Amino acid sequence: MRGAIKVDIVVIGAGQAGLSSAYHLMKLGLRPGRNFIVLDKNEKPGGAWQHRWPSLTLSTVNRVHDLPGMAFSDVVSPSETEVRASVAVPGYFAAYEERFQLPIYRPVAVKVVCDRSGRLRVETDREAFSAGGIINATGTWETPQIPSYPGAELFAGRQLHSRDYQTAAEFAGQHVIIVGSGISALQHLDEISQVTATTWVTRREPQFRDRQFTAEDGRAAVAIVEDKVRNGLVPGSVVSVTGIPWTPALKAAAARGALTRLPMFSEITQHGVRWLDGAEQRADVILWATGFRSSLDHLAPLQLRGEKCGIVMGGRLATEVERDPRVHLVGYGPSASTIGANRAGGAAARELATRLGLV
Ligand SMILES: Cc1cc2nc3c(=O)[nH]c(=O)nc-3n(C[C@H](O)[C@H](O)[C@H](O)COP(=O)(O)OP(=O)(O)OC[C@H]3O[C@@H](n4cnc5c(N)ncnc54)[C@H](O)[C@@H]3O)c2cc1C
């Protein structure tokens, strides 16, 4: 077996959650490169933001909260609302990494983390590391979810996930079935229905929110997800419990008849989809806007999951894995938002550094 480089804490992932955690470790007085390092699979700064589809601009994202210690507006002027999120946010992250000289190594993909004589062995596609603890901040982008429906392999058209969506124009002249009731599904529907025929199907009735989303609503949404993970349940995303903002773009989409929603079909056929009552819809494309799950497969050897299939979380902001407190998850469950990841990074850094006797 290869030797392992010894370090106190390995942060895995350099998105909002990993950067916030690294910042707080540094502020606690931990030495970058000696006490902690950050490993990131991407070639460049930006976390998942660098991969978001081109039509997602600063005016169409929910909101990107500032990382601790440096404002987004220091890098991107608040008036630049039409700039691509996939350009603006990575630019901000790059400036942030530079300003704080964070010890980020990339591209380094963590393949597996396992226990070795009381320490955590972090195997990557390059070196191996031996850590006292880890802060896992690997997000969800790497693990798109597509539910399985009978006949999917028969479909002669194109199937893609939101992750691979680029622009509505490529679907002109085709019939597109959009599956999902989240913000991404509605953005795709709005854009694609302006250039071609669409059918919208969702498992559950979509929840629209007509009024302004308040800080109180945000806290309530986070509390629901936090309660789930403290009880060892699989978390839904925070965004999934906040509802869909009823924006002017969606009102316009409704006015042109694009928001007529159908329940889920029961099977996929060669040329489209079929419902239980026998109704059919021909289609050229099925676009699965069906979300993501947390990218945690590399932690499987640690057997963190409990009997309810989720990971029982503890600690002040529910970042500490109860079964193995050497492991913190940031950007998971209640902290799976830019604002949540910021706060959780601070809590995880403090709790893990304290546990390891580093502060
Ligand atoms: C389309 C879309 C729009 C969104 N808009 C908003 C919004 O407006 N506001 C908001 O608050 N939230 C939004 N979210 C949720 C958003 O993803 C999170 O809030 C936040 O950006 C996620 O940050 P993160 O650090 O957890 O993950 P990421 O940004 O995904 O970063 C994870 C990093 O970990 C790396 N990584 C993954 N696996 C490994 C591995 N095995 N080894 C090494 N590195 C690894 C990845 O390469 C990546 O760089 C949106 C999500 C989506 C899908």
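Residues take their numbers from the sequence shown, with the count starting at 1. Just so you know, ligand 1 is whichever comes first in the structure, and atom 1 is the first atom listed for that ligand. Note that these values count all heavy atoms, side chains included, but never hydrogens, waters or copies made by symmetry. Keep in mind that this is a model prediction, so the values were computed, not measured.
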Please could you name the atoms of ligand 1 that [X] approaches to less than 4.0 Å, counting only its heavy atoms?
X: W53; answer: 1 (C)
X: G13; answer: 33 (C), 34 (O), 35 (C)
X: I12; answer: 42 (N), 43 (C)

Of [options], which has the heavy atom at the shortest distance from [atom]?
atom: atom 17 (O) of ligand 1; options: R52, E43, E142; value: R52
atom: atom 35 (C) of ligand 1; options: T138, V10, D40, N42; value: D40
atom: atom 6 (C) of ligand 1; options: F292, Y105, W49, Y332; value: W49

Under 3.5 Å, N or O to N or O, is [X] touching ligand 1 that way?
X: W141; answer: no
X: G46; answer: no
X: A17; answer: yes
X: G331; answer: no
X: K41; answer: yes

For ligand 1, is [X] a contact, meaning one of its heavy atoms is under 4.0 Å away?
X: V108; value: yes
X: A109; value: yes
X: S295; value: no

Under 4.0 Å between a side-chain nitrogen and a carboxylate oxygen: does that hold for [X] and [Y]?
X: R99; Y: D74; value: yes
X: R230; Y: E322; value: no
X: D115; Y: R326; value: yes
X: R282; Y: E280; value: no

Check each heavy atom of [X] against ligand 1 and say whether those closer than 4.0 Å belong to the side chain, the backbone, both or neither.
X: A137; value: backbone
X: R63; value: backbone
X: H65; value: neither

For Y165 and F171, take the angle between the two ring planes, folded into 0 to 90°, and tell me which bin it lands in: parallel under 30, tilted 30 to 60, perpendicular over 60.
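If you compare the ring of Y165 with that of F171, the planes turn out parallel.
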
Which label fits Y23 and Y96: parallel for a plane angle under 30°, tilted from 30 to 60°, or perpendicular past 60°?
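Geometry flag for Y96 against Y23: tilted rings.
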
Any chance you could measure S162, atom OG, to Q187, atom CD, to the nearest 0.5 Å?
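S162 OG to Q187 CD: 9.5 Å, rounded to 0.5 Å.
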
With rounding to the nearest 0.5 Å, note down the distance linking NZ in K228 to CG in L233.
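With rounding to 0.5 Å, NZ (K228) is 7.0 Å from CG (L233).
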
Residue list, side chain to side chain donor-acceptor pair (under 3.5 Å) with T319, at least two apart or on another chain
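If we apply the side chain to side chain donor-acceptor pair (under 3.5 Å) test to T319, skipping adjacent residues, the hits are H328.
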
ILVMFWY clustering at 4.5 Å (side-chain atoms), partners of I268:
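Once heavy-atom contacts under 4.5 Å are chained together, I268 belongs with I146, Y149, F155, I177, V179, V201, L262, M264, F265, V273, W275, I286, W288.
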
If two hydrophobic side chains count as joined below 4.5 Å and joins carry through other members, does I9 share a cluster with F129?
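Different clusters.
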
